Visitor: 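Pasting in a structure now, in structure tokens, and then I'll have a few things to ask.
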Amino acid sequence: MKIGMLTSGGDCQALNAAMRGVVKTLANFDNKLVIYGFLNGYQGLIYGKYQEMRKNDFSGLLTRGGTILGTSRTPFKEIDIPTEDGLDKVKAMKATYKKLKLDCLVILGGNGTQKTANRLREEGLNVIHLPKTIDNDIYGTDVTFGFYSAIDIATRAIDCIHTTAASHNRVFIVEVMGHKVGWLTLYAGVGAGADVILIPEIPYDLDKVIKAIDARHKDGKQFTILAVAEGAISKELAKLPKKERKKIIADSKYPSVSYDIADKIQQKTGMEVRVTVPGHMQRGGEPGAYDRILCTRLGAAAGKAILDKDFGNMIAMVDGETKRVPLEDVAGKLKVVDPECSMVKEIRDLGISFGD
Ligand code: F6P
């Protein structure tokens with residue numbers, strides 16, 4: 001059997017562990033397995049840049065962060081726009097697949113990557129997708145790999161702020177990644193005991209945020225910690241049409257939403273506010289135990305789907321079981337935090353503010 005493998009989009013901690021799971025399983029059943037590792041995501045498939053790899057190239061990867069194949073972003077919305085040197089991307093990818101006589105392409109990535117995988121499926125290629133992203137926003141799987149490792153890092157970042165915050169009479173904002181969704185902020189915020197959690201799914205009212213800070217002061221607390229999602233949005237902005245909203249954000253004088261919030265809190269209350277942005281640290285380092293186990297299981301289930309010649313699926317985790325989910329059912333859908341879910345209600349019951 002000949003399989004191709006690529007990692008696309010932003011990296012995360014457990015990509016290597018997932019590839020190891022796929023290869024170990026396939027090699028266990030097929031001693032003639034040939035693996036082509038495409039370099040730097042879809043770019044490797046477009047330009048025919050790959051390495052022939054052996055089973056042992058995937059040994060020792062369970063704990064290694066990043067991706068041994070490299071990655072890059074090839075935006076789905078530009079998939080039908082030729083490359084700078086005039087290549088038709090989809091045609092080029094199909095040509096590489098055909099030239100190498102691949103039986104299947106294993107694609108590890110997030111939402112955009114999944115859309116391209118689905119496009120390749122529509123074009124007649126055999127594909128299997130594995131759901132990667134620290135954002136946890138892939139529809140059809142309970143969890144994505146990278147998410148739990150990133151929670152640990154974001155939680156520890158807020159923990160560090162906690163001790164310095166407790167020594168000063170200040171407001172601290174920690175900005176957490178997550179793109180358009182609030183999963184990572186919600187989990188890290190709870191894990192680290194943030195006092196205010198702002199996520200895109202629950203637009204905030206600045207006056208309510210300030211009220212939460214005041215309430216803590218009245219309760220004798222000297223400091224307040226806000227976990228703010230990079231995609232957090234005010235109630236006023238949320239009301240605007242998407243295009244107008246995007247323009248206002250792009251034209252903002254602040255580098256990100258946290259600085260905007262910090263400035264406004266400072267102006268309205270006179271309190272000192274500090275912003276910390278852990279940024280790409282959240283995708284770095286080795287995968288945590290949960291992700292290692294998740295990836296090993298998803299990788300094994302992907303290997304089994306390939307051996308069964310059951311292609312065109314994302315390998316998901318649903319209710320603790322691995323599941324083959326047709327790509328056509330999930331590609332292009334986003335999994336967001338439901339503001340009415342029990343977790344949000346429990347957090348509200350604790351007295352933590354969502355600023356709404
Ligand atoms: O999708 C993962 C992610 O880390 C998001 O949380 C974040 O918005 C984005 O990627 C950052 O992208 P880049 O690595 O291209 O700066």
Side-chain angles (χ1 to χ4, degrees), residues 6-18 40-43 65-67 69-79 107-117 129-141 143-158 173-189 191 197-201 227-233 242 245-246 249-250 252 254-260 275-288 291 294-295 314 330-337:
L6 65 86
T7 55
S8 176
D11 76 333
C12 75
Q13 291 88 348
L15 281 162
N16 289 325
N40 301 324
Y42 286 117
Q43 296 301 313
T67 161
L69 297 181
T71 186
S72 63
R73 293 197 186 274
T74 307
F76 177 73
K77 60 175 187 253
E78 293 167 18
I79 208 70
I107 299 171
L108 297 89
N111 278 308
T113 302
Q114 186 190 61
K115 284 192 257 183
T116 301
H129 170 243
L130 283 164
K132 161 248 67 158
T133 170
I134 64 166
D135 304 340
N136 195 35
D137 59 354
I138 299 184
Y139 188 86
T141 184
V143 65
T144 59
F145 55 90
F147 178 51
Y148 271 89
S149 304
I151 294 171
D152 281 342
I153 296 173
T155 300
R156 266 183 270 131
I158 304 173
I173 296 180
V174 181
E175 183 172 294
V176 180
M177 272 189 170
H179 201 215
K180 295 178 186 159
V181 301
W183 293 105
L184 192 51
T185 309
L186 185 66
Y187 277 66
I197 297 176
L198 304 185
I199 60 173
E201 293 88 341
V228 174
E230 62 176 346
I233 183 167
K242 194 172 164 195
R245 194 166 68 218
K246 274 182 134 178
I249 294 170
S252 164
Y254 303 104
S256 69
V257 62
S258 297
Y259 291 92
D260 185 349
V275 176
T276 301
V277 183
H280 289 78
M281 272 175 66
Q282 293 162 94
R283 292 200 327 224
E286 64 180 29
D291 270 336
L294 175 67
C295 280
M314 164 175 75
V330 292
K333 294 184 184 167
L334 194 68
K335 185 181 74 181
V336 300
V337 175

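Every number for a ligand or one of its atoms is a count from 1 in the order of the listing. Positions are given from 1 along the sequence. What you see is a predicted model; the values in this text were computed from it and never measured.
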Visitor: Does a side-chain heavy-atom distance below 4.5 Å link T185 with V228?
Guide: no
Visitor: Write none if no such pair exists; otherwise list each N/O atom of ligand 1 with its protein N/O partner under 3.5 Å and the distance.
Guide:
residue	atom	partner	partner atom	Å
ligand 1	1 (O)	D135	OD2	2.7
ligand 1	4 (O)	R283	NH1	2.9
ligand 1	6 (O)	D135	OD1	2.7
ligand 1	6 (O)	G178	N	3.1
ligand 1	6 (O)	E230	OE2	3.4
ligand 1	8 (O)	E230	OE2	2.5
ligand 1	10 (O)	R73	NH2	3.0
ligand 1	10 (O)	R283	NH1	3.1
ligand 1	12 (O)	R73	NH2	2.9
ligand 1	14 (O)	H280	NE2	2.9
ligand 1	14 (O)	R283	NH1	2.9
ligand 1	14 (O)	R283	NH2	3.1
ligand 1	15 (O)	R73	NE	2.9
ligand 1	15 (O)	R73	NH2	3.3
ligand 1	16 (O)	H280	NE2	3.1

Visitor: Give every donor-acceptor pair under 3.5 Å between a side-chain atom in residues 146-158 and any protein atom, sequence neighbours left out.
Guide:
residue	atom	partner	partner atom	Å
S149	OG	G288	N	3.0
S149	OG	D291	OD2	2.5
T155	OG1	I151	O	2.6

Visitor: With no hydrogens and no angle check, is any side-chain donor or acceptor of T7 less than 3.5 Å from a backbone partner on G70?
Guide: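 Present.
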Visitor: Check S72 against N40 and note the closest heavy-atom contact, atom names and distance.
Guide: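 That closest heavy-atom pairing would be OG-O, 2.7 Å.
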Visitor: So which atom in Q282 and which in M177 form the shortest heavy-atom distance, rounded to 0.1 Å?
Guide: OE1-N, 3.2 Å
Visitor: If we only count heavy atoms from C-beta on, is the V181 to K335 side-chain gap below 4.5 Å?
Guide: no
